[in-house]
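All values below were derived from every heavy atom in this structure, side-chain atoms included, with hydrogens, water molecules and symmetry-related copies excluded.
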Amino acid sequence: MHDWKKTLLKSTDTMTTAIQCLTRGSMQIVLIVDGQGKLLGTITDGDIRRALVRPLGMDALAGEIMCTDPVTVSAGDSREIILGEMKSAKILQVPILDADGCVVGLETLQHLL
């Protein structure tokens with residue numbers, strides 16, 4: 001199992017930092033959180049491509065390029081519910097949140113299957 005905590009960045013980190021995080025990690029996603037761990041958004045390689053086309057520079061902030069309405073699941077959701085959400089949204093990873101909206105995990109389709 002991969003360490004999902006390595007995917008966490010702040011909204012003030014740069015696109016360069018997000019790309020480095022995507023490159024060194026194997027989860028193919030970056031989770032943008034506030035100081036309390038609350039999910040603010042996500043960044044995938046697709047978000048990076050869209051930012052470059054806009055065009056934004058490599059010093060653009062993660063908060064400018066993140067998806068602010070990502071699909072999420074709740075801690076305690078069953079494997080079937082998580083798989084259903086992922087298949088419905090056609091995504092490969094999904095952040096797991098507690099009742100306060102804080103990230104407590106990250107599930108991948110590869111791991112579930």
Side-chain angles (χ1 to χ4, degrees):
M1 175 65 68
H2 299 286
D3 184 5
W4 61 269
K5 292 180 182 177
K6 292 181 180 179
T7 68
L8 302 177
L9 290 180
K10 301 174 290 198
S11 62
T12 55
D13 285 320
T14 64
M15 181 163 40
T16 299
T17 304
I19 291 170
Q20 290 168 343
C21 187
L22 284 169
T23 301
R24 76 174 167 263
S26 58
M27 311 266 322
Q28 301 174 328
I29 193 169
V30 174
L31 306 178
I32 309 302
V33 295
D34 67 12
Q36 288 73 44
K38 185 173 181 177
L39 184 69
L40 302 176
T42 60
I43 297 176
T44 63
D45 61 339
D47 298 309
I48 299 291
R49 287 193 304 271
R50 283 184 286 279
L52 291 171
V53 169
R54 283 173 54 185
L56 292 176
M58 295 300 286
D59 59 344
L61 300 180
E64 295 177 80
I65 62 175
M66 69 184 179
C67 168
T68 58
D69 190 27
V71 174
T72 63
V73 294
S74 297
D77 279 350
S78 69
R79 178 182 180 276
E80 292 75 24
I81 289 174
I82 295 171
L83 268 174
E85 289 292 326
M86 293 176 80
K87 287 180 181 180
S88 174
K90 299 179 182 175
I91 56 176
L92 301 176
Q93 326 74 6
V94 63
I96 302 169
L97 307 182
D98 67 12
D100 296 322
C102 293
V103 179
V104 295
L106 178 66
E107 191 59 82
T108 65
L109 188 60
Q110 180 181 12
H111 176 257
L112 288 172
L113 297 178

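Here OG1 of T44 is found 7.5 Å from CG of L22. Values are rounded to the nearest 0.5 Å. Here the CG atom belonging to D45 is positioned 4.5 Å from the CZ atom belonging to R49, to the nearest 0.5 angstrom.
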Q: Any chance you could lay out the side-chain contact (heavy atoms from CB on, under 4.5 Å) test for L113 and L83, step after step, and finish with the verdict?
A: CA-CA 9 Å; L113 297 178; L83 268 174; 4.0 Å; yes
Q.
Assess the residue pair W4 and V103 against the criterion (side-chain contact (heavy atoms from CB on, under 4.5 Å)); give the C-alpha distance rounded to whole Å, side-chain angles, the decisive distance to 0.1 Å, and a yes or no.
A. CA-CA 10 Å; W4 61 269; V103 179; 3.4 Å; yes
Q: Report the C-alpha separation of L109 and Q93 in whole Å, then their side-chain angles, then the decisive distance to 0.1 Å, and conclude whether the side-chain contact (heavy atoms from CB on, under 4.5 Å) test is met.
A: CA-CA 6 Å; L109 188 60; Q93 326 74 6; over 6 Å; no
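Closest of all the heavy-atom pairs between E107 and M86 is O-CE, 4.0 Å.
Side-chain contact between L97 and V104 is absent, with no heavy-atom pair separated by less than 4.5 Å. Between L106 and I96 the shortest side-chain heavy-atom distance does not fall below 4.5 Å.
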Side-chain atoms of residues 67-80: list all donor-acceptor pairs with protein atoms under 3.5 Å, sequence neighbours left out, distances to 0.1 Å.
residue: D77; atom: OD2; partner: S74; partner atom: N; Å: 2.9
residue: S78; atom: OG; partner: I81; partner atom: N; Å: 3.1
residue: R79; atom: NE; partner: L112; partner atom: O; Å: 3.3
residue: R79; atom: NH2; partner: L112; partner atom: O; Å: 2.5

Quick one: side chains of residues 29-39, donor-acceptor pairs under 3.5 Å with protein atoms, not counting sequence neighbours, listed by atom name and distance.
residue: D34; atom: OD1; partner: Q36; partner atom: N; Å: 2.9
residue: D34; atom: OD1; partner: G37; partner atom: N; Å: 3.1
residue: D34; atom: OD1; partner: K38; partner atom: N; Å: 2.9

Just list the side-chain donor-acceptor pairs under 3.5 Å for residues 50-64, sequence neighbours left out, or say none.
residue: R50; atom: NH2; partner: D47; partner atom: OD1; Å: 2.9
residue: R54; atom: NH1; partner: E64; partner atom: O; Å: 3.4
residue: E64; atom: OE2; partner: L61; partner atom: N; Å: 2.8

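Counting only distance, with no hydrogens or angles, the side chain of D98 and the backbone of D100 share a donor-acceptor pair below 3.5 Å. A donor-acceptor pair is defined here as one N or O able to donate and one able to accept, closer than 3.5 Å; no such pair exists between the side chain of T17 and the backbone of D13. Checking side-chain atoms of Q28 against main-chain N and O of L92 turns up no donor-acceptor pair under 3.5 Å.
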